[in-house]
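Start at 1 and go down the list; that is how both ligands and their atoms are numbered. Every value quoted in this text rests on a predicted model; they were computed, and no experiment measured them. Side chains are part of it too, since the values below use all heavy atoms of this structure and drop only hydrogens, waters and symmetry mates.
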Amino acid sequence: MSIIHKLLGAIILLIDWLTTPKSVRRSDHQQTAINEQAKALTLYQYKACPFCVKVRRSMKRHALPIETRDAKRSETAKHELVNGGGKLKVPCLKIIDSSGDVNWMYESKAIIRYLEERFTQAA
Ligand SMILES: N[C@@H](CCC(=O)N[C@@H](CS)C(=O)NCC(=O)O)C(=O)O
């Protein structure tokens with residue numbers, strides 16, 4: 001990775017840290033239900049990818065404890081993503097529905113829209 005890439009990544013992470021959004025507050029009962037639902041979701045991502053930062057900020061805003069797996073640092077996560085989703089591109093949200101079917105959702109905008117539609121009303 002070039003120095004410029006590393007520097008850009010560090011700047012992105014710094015701005016993200018300085019402007020971390022507040023999380024929505026729910027009743028304990030509601031948050032417990034959300035936490036249960038979040039267990040069926042996994043975000044494949046890179047730490048300093050700006051599209052992944054956008055998705056992680058949305059997760060923070062909606063107080064979603066979604067597991068993240070770094071497809072750059074972990075060969076296992078990379079294989080899971082490529083084998084399951086079909087391509088090495090992040091962010092990608094793995095969604096297991098109530099029937100156990102698995103869907104791999106690419107594109108940060110689509111993922112953020114999905115999280116907002118699914119979890120905003122529950123706030
Ligand atoms: N339009 C996509 C862009 C995603 C994207 O370009 N991700 C880059 C990382 S920042 C990527 O996965 N590149 C492939 C690779 O690193 O192998 C989105 O909004 O999610």
Side-chain angles (χ1 to χ4, degrees):
M1 192 194 278
S2 71
I3 299 257
I4 292 178
H5 249 98
K6 276 193 177 166
L7 191 63
L8 274 177
I11 291 170
I12 287 168
L13 290 175
L14 177 65
I15 293 172
D16 178 39
W17 181 71
L18 289 172
T19 64
T20 302
K22 279 202 174 125
S23 301
V24 67
R25 300 274 305 169
R26 301 185 177 93
S27 68
D28 288 352
H29 178 71
Q30 283 175 324
Q31 188 61 50
T32 302
I34 295 289
N35 295 350
E36 267 312 301
Q37 291 189 49
K39 286 181 185 166
L41 305 173
T42 309
L43 183 73
Y44 288 79
Q45 49 120 39
Y46 296 161
K47 194 174 171 200
C49 155
F51 306 100
C52 304
V53 169
K54 270 171 44 182
V55 173
R56 292 202 305 266
R57 289 172 71 85
S58 173
M59 287 161 44
K60 174 81 170 52
R61 215 172 278 121
H62 295 285
L64 306 173
I66 297 172
E67 183 188 346
T68 58
R69 292 195 188 150
D70 193 315
K72 188 164 278 187
R73 292 162 186 225
S74 158
E75 277 300 312
T76 308
K78 183 175 170 178
H79 280 118
E80 287 169 0
L81 175 60
V82 174
N83 291 338
K87 56 184 169 181
L88 180 59
K89 191 173 180 191
V90 292
C92 178
L93 185 68
K94 179 183 173 190
I95 305 164
I96 304 176
D97 70 19
S98 49
S99 331
D101 292 334
V102 180
N103 179 34
W104 297 78
M105 182 181 284
Y106 287 92
E107 289 302 319
S108 54
K109 275 189 186 157
I111 297 169
I112 291 168
R113 195 182 318 118
Y114 171 81
L115 296 178
E116 280 174 1
E117 284 174 2
R118 180 164 172 187
F119 294 105
T120 298
Q121 276 113 352

Atom 4 (C) of ligand 1 sits nearest the protein heavy atom Val90 O, 3.3 Å
One finds that the ligand 1 atoms under 4.0 Å from a non-hydrogen atom of Tyr46 are 15 (C), 16 (O), 17 (O)
| request: Please determine if Phe51 has a nitrogen or oxygen closer than 3.5 Å to a nitrogen or oxygen of ligand 1. | output: no
Heavy-atom proximity to atom 18 (C) of ligand 1 ranks first, among Met105, Lys109, Glu107, for Glu107
Specify whether the nearest protein heavy atom to atom 10 (S) of ligand 1 is under 4.0 angstrom away. yes
Check ion pair Lys89-Glu107 (N to O, under 4.0 angstrom): yes
Measuring only between side-chain heavy atoms, which start at C-beta, is Gln31 closer than 4.5 Å to Arg25?
no
Review point. Should Arg118 and Leu41 count as side-chain neighbours, where that means a heavy-atom distance under 4.5 Å?
Key: yes
For this session: With Lys87 as the cation and Tyr106 as the aromatic partner, state whether NZ or CZ is under 6.0 Å from the six-membered ring centre and within 45° of the axis.
Result: yes
for atom 19 (O) of ligand 1, nearest protein heavy atom and its distance come out as Ser108 OG, 2.7 Å
Here the atoms of ligand 1 under 4.0 Å from any heavy atom belonging to Leu88 are 14 (C), 15 (C), 17 (O)
Check: Is there a donor-acceptor contact under 3.5 Å linking the side chains of Arg57 and Thr19?
Finding: yes
- Query: Is a side-chain donor-acceptor pair under 3.5 Å present for Arg56 with Gln45?
  - Reply: yes
For Cys49, the atoms of ligand 1 under 4.0 Å from one of its heavy atoms are 9 (C), 10 (S)
